[in-house]
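Both backbone and side-chain heavy atoms feed into the values below; hydrogens, waters and symmetry mates do not.
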Amino acid sequence: MRLFVGVEIDDVVRRRAAAIADAAGKLLSDDLVVRWIAPENLHITLWFLGEVPDPRAASVLTALARPFDIPPFPLALGGIGAFPSSGLPRVVWLGVRDGDAGLAALHREIGARLEPLGFAAEPRPFAAHLTLGRVKGARPGTAPRAVRERWRELAADAGECAVAAVTVFRSRLSPRGAVHEALLRVPLQ
């Protein structure tokens, strides 16, 4: 099964983030072809595991089941950006304005629990963000710099919510996009 570990956002922040994605889609539709994330799938990924055989998935759930020794913390989302930082965007995201330190601590703790099972961290440093969409291509004549300048005008404040748990998700891919199912919610202390 395809697994990842993340942080869920509350319904108010989710609706605001979806509205920002909708506005970005209208703003960028002349330049980019983007597959926007369904509102119900908006989350912050802390660790992507990929395809995991069922017996190994059980080990992952066991390793992550113990509560995290990190207190709940506020998470504020806002400011639109993209990966990579220059050239044609591949991922359009909403930034983390508050809560970076808590998310980084969770990422480190998840790594400490998963690395003994053979799940290595990505070589890139952890960069907390909420993915809004994945760029599938650019229309002819699109200037990457102009695209990036255009979304700077966009009001992109999704608000604040509390992070009180980490969720292990199963992701099922379909032609209409991914469907995420929460397998385990682990509280923060």
Side-chain angles (χ1 to χ4, degrees), residues 1-61 64 77 80-85 87-96 103 107 110 114 117-124 126-144 147-148 150-151 154 156 158 161 165-186:
M1 68 181 73
R2 191 169 190 253
L3 299 176
F4 68 92
V5 183
V7 168
E8 297 176 86
I9 56 175
D10 72 22
D11 288 337
V12 172
V13 173
R14 184 185 322 272
R15 281 193 301 273
R16 289 179 183 160
I20 292 166
D22 187 54
K26 291 174 183 162
L27 190 67
L28 301 174
S29 64
D30 289 341
D31 298 311
L32 301 176
V33 177
V34 182
R35 188 183 78 224
W36 298 99
I37 305 299
E40 62 273 13
N41 285 343
L42 292 172
H43 66 277
I44 294 177
T45 299
L46 296 170
W47 200 283
F48 181 76
L49 289 88
E51 281 298 325
V52 179
D54 287 350
R56 196 165 182 215
S59 297
V60 167
L61 294 175
L64 295 176
L77 298 172
I80 220 166
F83 295 131
S85 58
L88 186 66
R90 288 194 311 263
V91 173
V92 179
W93 49 256
L94 201 56
V96 174
L103 293 171
H107 180 263
I110 291 165
L114 292 179
L117 300 177
F119 295 98
E122 285 190 27
R124 300 174 293 205
F126 176 68
H129 65 280
L130 186 142
T131 298
L132 295 175
R134 299 188 189 289
V135 177
K136 296 300 175 191
R139 310 233 188 265
T142 296
V147 168
R148 291 170 186 277
R150 192 169 306 121
W151 71 47
L154 191 61
C161 62
V166 167
T167 304
V168 180
F169 290 95
R170 178 180 189 173
S171 180
R172 291 188 171 119
L173 301 178
S174 78
R176 293 187 306 255
V179 175
H180 300 156
E181 171 191 0
L183 297 179
L184 176 68
R185 286 188 179 91
V186 184

Looking at Ile37, is its backbone amide N or carbonyl O close enough to the side chain of Arg134 to form a donor-acceptor pair, meaning the two atoms are under 3.5 Å apart? no
Closest non-hydrogen contact found for Ala165 with Val7 is O-CG2, 4.3 Å
May I ask you to say whether Glu8 pairs ionically with Arg14, meaning some side-chain N is under 4.0 Å from a carboxylate O? no
Quick check: does any side chain N or O of Arg148 sit under 3.5 Å from a backbone N or O of Gly87, one acting as donor and the other as acceptor? yes
Look up atom CG in Leu42 and atom CZ in Arg16, then write down how far apart they are to the nearest 0.5 Å. 14.0 Å
Candidate pair Val135 and Val91, rule side-chain contact (heavy atoms from CB on, under 4.5 Å), full reasoning: CA-CA 6 Å; Val135 177; Val91 173; over 6 Å; no
Does the side chain of Leu114 come within less than 4.5 Å of Leu64's, by heavy atoms? yes
Give me the one residue out of Arg172, Glu40, His43 that meets side-chain contact (heavy atoms from CB on, under 4.5 Å) with His180. His43
So do Val5 and Thr167 actually touch side chain to side chain, heavy atoms under 4.5 Å? no
Does Arg139 have more than 12 heavy atoms from other residues, nucleotides or ligands lying within 6.0 Å of its CZ? yes
Side chains of His107 and Phe126: does their closest heavy-atom pair fall under 4.5 Å? yes
State, with a plain yes or no, whether a side-chain heavy atom of Leu49 is found less than 4.5 Å away from one of Val60. yes
Do you know the tightest heavy-atom contact between Asp10 and Cys161? OD2-CB, 3.1 Å
CZ on Arg170 to CE on Met1, rounded to 0.5 Å: 4.5 Å
Take the angle between the ring planes of Phe48 and Phe4 and call it parallel below 30°, perpendicular above 60°, tilted in between. parallel
Beyond-backbone contact of Ile44 with Leu77, side-chain heavy atoms, under 4.5 angstrom: yes
Min side-chain heavy-atom separation Leu94-His129 under 4.5 Å: no
Atom CG of Leu132 and atom CG of Asp22: how far apart are they, to the nearest 0.5 Å? 11.0 Å
Do the non-hydrogen side-chain atoms of Leu3 and Leu183 ever get within less than 4.5 Å of each other? yes
Please determine which of Trp151, Trp36, Phe83 meets the ring pair (Phe, Tyr, Trp, His ring centres under 6.0 Å) test together with Trp93. Phe83
Between Ser59 and Leu117 the two heavy atoms that sit nearest each other are O-CD1, 3.7 Å
Would you call Val34 and Lys136 a side-chain contact if the rule is heavy atoms closer than 4.5 Å? no
Using side-chain contact (heavy atoms from CB on, under 4.5 Å) as the criterion, point out the one residue from Asp30, Leu32, Leu28 that pairs with Thr142. Leu32
Quick one: closest heavy-atom pair of Pro89 and Val147, and the distance? CG-CG1, 4.5 Å
Within 45° cone of Phe119 ring axis and under 6.0 Å: Arg56 NZ or CZ: yes
Over all heavy atoms of both residues, which pair between Ala138 and Leu88 is shortest? Give the atoms and the distance, please. CB-CD1, 3.8 Å
Looking only at non-hydrogen atoms, find the nearest pair between Leu154 and Ala23 and report the distance. CD1-CB, 3.6 Å
